[in-house]
Protein chains: 2
Amino acid sequence: MNVLSIAFGAQMTFRSVHRANAQRAINLESDAEGDPLFLRSVARVMQVLNAFNDAHRPLTLSEIATAARIDRSAAQRIVHTLRKLGYIARDDDDRGYMLGLRVLDLTLDFMRLNPLVKRASPILLELRRRVSERVDLSLFDDTRVLYAMRMPSKREAFHATLPGHSVPVYCSSGGVAILARLDDEQARDIVARSDRTPFTAFTMREVEEVMQAVEETRRKGFACLTNQIMNEEVAIGVAITAHDGRPLAAIHIAGSLLEWSKEEFVANFSGLVMEAADAIGS
Amino acid sequence: MNVLSIAFGAQMTFRSVHRANAQRAINLESDAEGDPLFLRSVARVMQVLNAFNDAHRPLTLSEIATAARIDRSAAQRIVHTLRKLGYIARDDDDRGYMLGLRVLDLTLDFMRLNPLVKRASPILLELRRRVSERVDLSLFDDTRVLYAMRMPSKREAFHATLPGHSVPVYCSSGGVAILARLDDEQARDIVARSDRTPFTAFTMREVEEVMQAVEETRRKGFACLTNQIMNEEVAIGVAITAHDGRPLAAIHIAGSLLEWSKEEFVANFSGLVMEAADAIGS
DNA sequence: TATGACTATATCGTTGAGCGATACAGGATA
DNA sequence: TATCCTGTATCGCTCAACGATATAGTCATA
């Protein structure tokens, strides 16, 4: 079992892709400004839980305080309480703090209650049964799409299956399919505000390049992008909308250009993805 | 695409298994009692996020208040703030509250930072490559084990892949493997405190029955249980321990008795699982 | 093995953030 | 139409939490 090489490969991919997961920082002052219902104490709690977002190892109390932009005393009390409740835990070797098991309870509750995930799950599963490519559901969140479910093909690295993983809207097939359901102004604004550091040599760089893909998606009903996030990746995305037409999410099928030409991939799968998106319905 | 029948099946299984996910309620008064570092405000926030635990649809403000055992005013302010921060969202049709997308950021951070998950991932992946049965990693949490990663076999229903899903320690193969690493007193205590409502006609009911399986596990180095959570399921579990021998987690391989006899399953896989657990190491 | 720089943990008097009672508007149900 | 539920908004009082400070344990390094 050649563990090291696999671990290394996984780690690399992970680093390069994590960028999109950087969250908007909570700004206590500006958020609380003129909002009598905004509780600073609540925001502080979430700032502490968020402190782990840009960490790559368990944190000390001071590190948490710095990341959450509160003083050590406040951090001490909040961490103490969250620990008692199971949302923060000490490292197995008692070397630092990390998120606790109960975070996963929230994850499950999110999934269980999200109507979109509920409706999409059986259909995605059926889709996955029919094709042996990767199938996923991603949720729209401003400049990023966030993977809620991912059913990997056998050759995929593990971490890709983690819910919560996200990629920029502008260079993912599902993202572009979502942009195509917005008006040009909104779409352009999202692309413009995105961090457009390229993932590969082929990642789109210009706003207008993206808008062209959006235009094409509107005509065809699906988006098909290649080599955007990873080399040799080809993906087809179709948007899922609310009753009023707002795009909420997208489903994708992703495969490898080593196995398929773009044309073959489209010919084989675009119909299926659209059919599935339709079944999940508005 | 026979969507309905699949959706129905998934729903059924889900209901029957969700029981183990009921969390210990947060008791503000008793937790705060004589602990000057315990912040009631923090606990209230988590009570609100927990309110969704026993919900099966989006909640109204009053329902949240009731579930979180706080008054409507407090719920209003906390929900308002959490919404502004993205941890709570309204239903797509604006009919109720549910958990927001940012919960998934916490999920990913948990997974990313958890040393056990980090170490186990590539090995689980390799294991999954070698066998075509379901492979998973579950984390020990008092009377339950909580699935952190699950790599399903093709025939599995979707929701089974959700992290956060949990089952009782006493009747899961990984759980019994974990119990085997505790002393009898601790193990017996956990089993005794567990809700032992049976899942199938074969689910173990008596404490001593479980302790016998624990004893056998100590001799063999792995636990193999059948028909405990689901009918026709056979699973092998091996514990993963910390440096000091404390059990932290377990990995499993699970298959179907329609394909394997228990003896065949053990002969084929017990070695592999033990090898993998060893590689993840203490 | 002393030094210094970290950790986590504990204490306590002061004060303003948040409590909670109350009021109001819109939508659904009967 | 009346009732009951939503979500939302307002405002003085008060006690929970703040944050400065002190202590003890742990780990390098000299």
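Sequence lines set the chain letters: A, B, ... in the order given, protein chains first and strands last, and positions in each chain run from 1.
Contacts of B:A67 classified as side-chain contact (heavy atoms from CB on, under 4.5 Å), with partners at least two apart in sequence or in another chain: B:A51. Residues satisfying the side-chain contact (heavy atoms from CB on, under 4.5 Å) criterion with B:R193, sequence neighbours excluded, are B:D142, B:T143, B:D189, B:I190. Under the rule for a salt bridge (Lys or Arg N to Asp or Glu O under 4.0 Å), the partners of A:R188 that lie at least two apart in sequence or sit in another chain are A:E208. Partners of B:S73 according to the side chain to side chain donor-acceptor pair (under 3.5 Å) rule, which considers only residues two or more places apart in sequence or in another chain, do not exist here. Checked against salt bridge (Lys or Arg N to Asp or Glu O under 4.0 Å), A:D141 has the following partners two or more places apart in sequence or in another chain: A:R144. Under the rule for a side chain to side chain donor-acceptor pair (under 3.5 Å), the partners of B:Y87 that lie at least two apart in sequence or sit in another chain are A:N50. Every residue was checked against the side chain to side chain donor-acceptor pair (under 3.5 Å) condition with B:S172, not counting sequence neighbours, and none meets it. Listed by chain and residue number, nothing satisfies the side-chain contact (heavy atoms from CB on, under 4.5 Å) test with A:T66 (two or more places apart in sequence, or in another chain). In this view, B:D244 and B:A242, B:R246 satisfy the side-chain contact (heavy atoms from CB on, under 4.5 Å) rule, not counting sequence neighbours.
Bending across the helix from C:dT1-D:dA30 to C:dA30-D:dT1, expressed as the angle between its end axes from five pairs apiece, amounts to 50° (10° rounding).
Taking a heavy-atom distance under 4.0 Å as the criterion, the stretch of DNA chain D touched by chain B extends 5' to 3' from D:dT6 to D:dC18.
Ion pairing of A:R57 with A:E63 is present here, as a side-chain N (NZ or NE/NH1/NH2) and a carboxylate O approach within less than 4.0 Å.
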Heavy-atom contacts, protein to nucleotides 3-22 of chain C, under 4.0 Å, summarised as B (base), S (sugar-phosphate only) or - (none) per nt, yield ----SBBBB------SBBBB

